[in-house]
Asker: 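Before we start, here is the structure in question, set down as structure tokens.
For ligands, and for the atoms within them, numbers begin at 1 and follow the listed sequence. Sequence positions, counted from 1, serve as the residue numbers for this chain.
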Amino acid sequence: MFRSLLVLVVVALAADAKKLASYIKPCKRDDPNLNECAKKNGLEAIPFLLKGDKEYKNPSLSPLLLPRLDVDAGANLKITFTDVTLRGLETVDFRDIKINLDKKTIFVQVALKALNLQGHYEIDGRILVLPIQGNGPCNLTFEDLVVNYGFKYELVKKEDGKNYINPNIKPDVTYTMKNVHFQFDNLFNGDKTLGDQTNKFLNENSGDINKDLGESISQTISAVVTNIIQLIVAVVPYDEIFI
Ligand SMILES: *[C@@H]1O[C@H](CO)[C@@H](O)[C@H](O)[C@H]1NC(C)=O
């Protein structure tokens, strides 16, 4: 997820309406090696992008602050995170990018060593067979996360007469990860015994939970990435990304 985010960030930040950020180089539309160009330029730009750039309205990505994350986990489970701090995007390894300008599709693969999510959670429902309910601080760590993020986009003309990338809000997202570490504080109205047991259960069954909640996790990843992408492509004309 975060992978694609970075790609897009890269792509999107290639330029802004005023001038090009010096650390981001555009790619030529007719470059037969467009993918390599995007990957190379993306890799070079990542450290700068992670820091954020006020001039380009690009928020810092390390850490990345998100006001709210709704997880659609189906009828049996509701999860909402608020005041989220995501750490670890700086461990990103930008593995692959495939751009098809004719079909207007972009695919990216990124790998992250460890992604840590801290913030406030609200959860209600069941995970596997276990009832879970509560709200409070949480601390989740996803280890060795590999995210594939593919999306279609349209070009829309804005008031300034320039075309901008408008990503489809329903991207294709798949991921793999090695392990998740869960810590939900204050579960069950602060019932410590029940809360400790539940956290223990979650951590001991993280593989099954990952399978069970896979779709929701994909959607969460997707929401985060899409969020970031939209922040960025909103200010960057297409013609200055792909010249
Ligand atoms: C969050 O979890 C990580 C890894 O499980 C741990 O190293 C860190 O100390 C925790 N931080 C807080 C504030 O609980």
Side-chain angles (χ1 to χ4, degrees), residues 1-6 46-47 49-52 59-73 77-95 110-147 149 173-225 227-228:
M1 82 194 191
F2 302 96
R3 151 63 89 184
S4 72
L5 110 75
L6 282 177
I46 280 174
L49 295 171
L50 287 167
K51 267 195 300 186
S60 167
L61 302 180
S62 63
L64 173 64
L65 307 177
L66 298 169
R68 186 183 174 97
L69 255 185
D70 286 298
V71 182
D72 177 4
L77 186 64
K78 262 186 77 74
I79 314 174
T80 301
F81 297 103
T82 46
D83 295 325
V84 171
T85 302
L86 269 185
R87 293 186 180 82
L89 288 172
E90 66 278 5
T91 67
V92 70
D93 173 21
F94 187 31
R95 290 200 179 159
V110 288
L112 292 150
K113 275 242 154 317
L115 189 69
N116 176 252
L117 182 161
Q118 290 183 42
H120 186 273
Y121 76 93
E122 225 181 292
I123 194 166
D124 195 6
R126 280 169 188 275
I127 292 185
L128 301 179
V129 294
L130 193 80
I132 184 166
Q133 185 274 319
N135 64 80
C138 67
N139 180 2
L140 316 178
T141 304
F142 308 90
E143 291 172 5
D144 289 322
L145 186 61
V146 177
V147 177
Y149 187 102
V173 179
T174 60
Y175 72 94
T176 57
M177 72 172 102
K178 204 161 98 187
N179 196 24
V180 201
H181 185 83
F182 298 96
Q183 178 65 46
F184 292 106
D185 290 346
N186 197 49
L187 281 168
F188 303 104
N189 281 318
D191 181 327
K192 187 160 165 24
T193 311
L194 204 48
D196 286 351
Q197 280 172 5
T198 303
N199 277 300
K200 189 160 174 281
F201 175 86
L202 295 177
N203 286 301
E204 284 173 355
N205 294 279
S206 61
D208 289 336
I209 291 167
N210 190 15
K211 268 183 229 146
D212 197 49
L213 292 183
E215 180 58 23
S216 317
I217 296 173
S218 295
Q219 284 182 16
T220 308
I221 290 173
S222 166
V224 173
V225 177
N227 215 300
I228 294 165

Asker: Can you pull the ring pair (Phe, Tyr, Trp, His ring centres under 6.0 Å) pairs that have at least one residue in residues 118-139, sequence neighbours excluded?
Answerer: Y121-F184

Asker: According to salt bridge (charged side-chain N to carboxylate O under 4.0 Å, His left out), does anything in residues 174-196 pair up with another residue at least two apart or in another chain? List the pairs.
Answerer: D144-K178, K192-D196

Asker: Give every pair formed by an N or O atom of ligand 1 and a protein N or O atom closer than 3.5 Å, one pair per line with both atom names and the distance to 0.1 Å, or write none.
Answerer:
{"unit_1": "ligand 1", "atom_1": "2 (O)", "unit_2": "N139", "atom_2": "OD1", "d": "3.2"}
{"unit_1": "ligand 1", "atom_1": "2 (O)", "unit_2": "N139", "atom_2": "ND2", "d": "2.4"}
{"unit_1": "ligand 1", "atom_1": "11 (N)", "unit_2": "N139", "atom_2": "ND2", "d": "2.8"}
{"unit_1": "ligand 1", "atom_1": "14 (O)", "unit_2": "N139", "atom_2": "ND2", "d": "3.1"}

Asker: Output a table of donor-acceptor pairs, distance under 3.5 Å, between side-chain atoms of residues 122-130 and any protein atom two or more places apart or on a different chain; print 'none' if there are none.
Answerer:
{"unit_1": "R126", "atom_1": "NH1", "unit_2": "V129", "atom_2": "O", "d": "2.9"}

Asker: Could you pull out the closest heavy-atom pair between L140 and Q183, with the gap in Å?
Answerer: CD2-N, 3.9 Å

Asker: Going through the checks in order, is the side chain to side chain donor-acceptor pair (under 3.5 Å) test met by N199 and Q197?
Answerer: CA-CA 6 Å; N199 277 300; Q197 280 172 5; over 6 Å; no

Asker: Can you give me the closest heavy-atom contact between L77 and I79, atom names plus distance?
Answerer: CD2-CD1, 3.7 Å

